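Heads up, the thing below is written out as structure tokens.
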Amino acid sequence: VILGGASSVGQNGMCVIQLAKLSGLSPIITTASLKHTDYLKSLGATAVLDRNLSSSALATEISKITSTSIKFVYDSISADSTQKIGLDILAPGGQLVVDSHPTAKPVQDKTIIRVASRLRLPQNIELLETFYHDTVSGFLEKGLLKPNNIEILPNGLAGIPDGLARMEADKISGLKLVAHPQETA
């Protein structure tokens with residue numbers, strides 16, 4: 001299960017969905033705003049469930065899709081509330097993967113793993129340089145991995161305050177905002 005499948009931050013849910021598909025995992029169940037259903041399914045999601053479902057409602061919907069217990073949850077949002085949901089839907093012995101500092105406390109032999117796939121961390125350089133150079137670039141060239149949708153902000157750096165206001169008003173979803181500093185007036 002991938003919490004936040006339309007997320008475009010951190011390790012981002014959209015990338016995780018695609019990598020799960022390329023790895024042969026199935027089913028790939030994700031939560032998101034339902035307006036992103038068709039797009040997330042085009043990336044490889046088997047099912048898209050409403051991100052606003054409670055833990056119990058989410059568990060019920062997941063049980064309609066698979067009878068397999070949930071051993072792994074990737075939380076691309078990694079807020080305290082989503083970490084708790086991830087732990088709630090995990091089977092005993094399962095693993096919750098987050099990309100920020102864990103805030104929830106694991107229970108019932110469930111574990112929380114923080115990934116930090118930042119390329120320049122000393123322990124990541126050899127693995128991730130090879131992964132990005134040899135694997136990801138090939139996936140992009142072959143169209144197997146699609147980059148995030150983006151929106152270029154007008155007026156370079158001067159466009160950032162409006163972009164932030166739109167984010168605060170929850171008007172940005174499923175894409176990254178990009179400012180080109182060289183376009184600043």
Side-chain angles (χ1 to χ4, degrees), residues 1-22 28-53 73-86 96-103 114-122 124-125 127-185:
V1 174
I2 300 165
L3 301 176
S7 172
S8 190
V9 297
Q11 309 309 313
N12 87 66
M14 291 184 276
C15 184
V16 174
I17 289 169
Q18 294 176 84
L19 291 173
K21 180 182 177 184
L22 288 168
I28 301 169
I29 303 167
T30 189
T31 62
S33 173
L34 295 180
K35 67 184 175 184
H36 298 299
T37 298
D38 291 340
Y39 180 65
L40 295 175
K41 285 187 173 184
S42 78
L43 296 178
T46 308
V48 180
L49 302 175
D50 189 338
R51 70 179 182 183
N52 295 313
L53 291 174
V73 172
Y74 180 84
D75 183 1
S76 69
I77 305 300
S78 295
D80 187 56
S81 60
T82 57
Q83 290 181 33
K84 288 177 182 172
I85 288 171
L96 170 65
V97 177
V98 298
D99 63 6
S100 68
H101 293 288
T103 55
R114 179 175 187 239
V115 293
S117 61
R118 285 146 186 93
L119 181 59
R120 301 318 306 170
L121 290 177
N124 293 345
I125 291 174
L127 171 68
L128 291 179
E129 281 185 350
T130 302
F131 177 68
Y132 285 120
H133 181 268
D134 297 343
T135 306
V136 172
S137 61
F139 287 166
L140 289 167
E141 288 171 5
K142 294 175 186 170
L144 299 173
L145 191 62
K146 297 176 182 111
N148 287 1
N149 292 322
I150 64 167
E151 176 186 321
I152 306 295
L153 294 171
N155 306 316
L157 298 175
I160 292 174
D162 180 57
L164 290 172
R166 290 172 46 215
M167 289 173 64
E168 287 176 355
D170 203 23
K171 294 186 178 184
I172 302 298
S173 181
L175 58 88
K176 282 189 182 277
L177 298 179
V178 176
H180 291 155
Q182 67 275 18
E183 296 174 3
T184 305

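All figures in this text were calculated on a predicted structure; none of them were measured in a lab.
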### Query
Should Arg166 and Leu153 count as side-chain neighbours, where that means a heavy-atom distance under 4.5 Å?
yes
### Task
Measure from the side-chain N and O atoms of Ser76 to the backbone N and O of Gly4, and report whether any donor-acceptor pair falls under 3.5 Å.
yes
Cut-off 3.5 Å, no hydrogens considered: what does the side-chain donor-acceptor table look like for residues 178-185, sequence neighbours left out?
from, atom 1, to, atom 2, distance (Å)
His180, ND1, Glu183, OE2, 3.2
Thr184, OG1, Leu157, N, 2.8
Thr184, OG1, Pro181, O, 2.8

### Query
Between Met14 and Gly174, what is the shortest heavy-atom contact and its length?
CE-O, 3.9 Å
#### Entry: Residue list, side-chain contact (heavy atoms from CB on, under 4.5 Å) with Ala165, at least two apart or on another chain
none
### Message
Between Asp80 and Lys84, is there a side-chain heavy-atom distance shorter than 4.5 Å?
### Response
yes
### More than 12 heavy atoms from other groups under 6.0 Å of CG on Asp38
no
### Query
So, Thr31 side chain and Arg51 main chain: donor-acceptor pair closer than 3.5 Å or not?
no
## Note on the structure
Between Ser7 and Ile77 the two heavy atoms that sit nearest each other are CB-CD1, 3.9 Å
### Summary
From the list Asp99, Leu19, Leu96, side chain to side chain contact (heavy atoms under 4.5 Å, CB included) with Tyr74 holds only for Asp99
## Note on the structure
Rounded to the nearest 0.5 Å, the SG atom of Cys15 sits from the CG atom of Leu43 at a distance of 10.0 Å
### Message
Closer than 3.5 angstrom, by distance alone: can the side chain of Gln18 be matched with the main-chain N or O of Lys146 as a donor-acceptor pair?
### Response
yes
### Query
What's the spacing between Leu145 CG and Leu140 CG if we round to 0.5 Å?
5.0 Å
### Message
Quick check: do Lys176 and Pro147 have side-chain heavy atoms less than 4.5 Å from each other?
### Response
no
### Task
Could you grab the distance from atom CG of Leu49 to atom CD1 of Ile2, nearest 0.5 Å is fine?
11.5 Å
### Task
Indicate yes or no for a side-chain donor-acceptor contact from Thr82 to the backbone of Asp75 under 3.5 Å, with no hydrogens or angles considered.
no
### Query
Between the side chain of Thr30 and the main-chain N/O of Leu3, is any donor-acceptor distance below 3.5 Å?
no
## Note on the structure
Between the CG atom in Asn148 and the CG atom in Leu175, the distance rounded to the nearest 0.5 Å is 8.5 Å
### Task
Please name the pair of heavy atoms, one in Gly44 and one in Lys21, separated by the smallest distance, quoted to 0.1 Å.
CA-CD, 3.5 Å
### Task
Not counting sequence neighbours, which residues clear side chain to side chain donor-acceptor pair (under 3.5 Å) with Lys41? List them please.
none
### Task
Could you tell me whether the side chain of Glu151 and the main chain of Leu177 form a donor-acceptor pair under 3.5 Å?
no
### Query
Which heavy atom in Ser78 sits nearest to a heavy atom in Gln83, and how many Å separate them?
O-NE2, 2.9 Å
### Message
To check you understand the geometry: which heavy-atom pair defines the closest contact between Leu40 and Gly5, and what is its length?
### Response
CD2-O, 3.4 Å
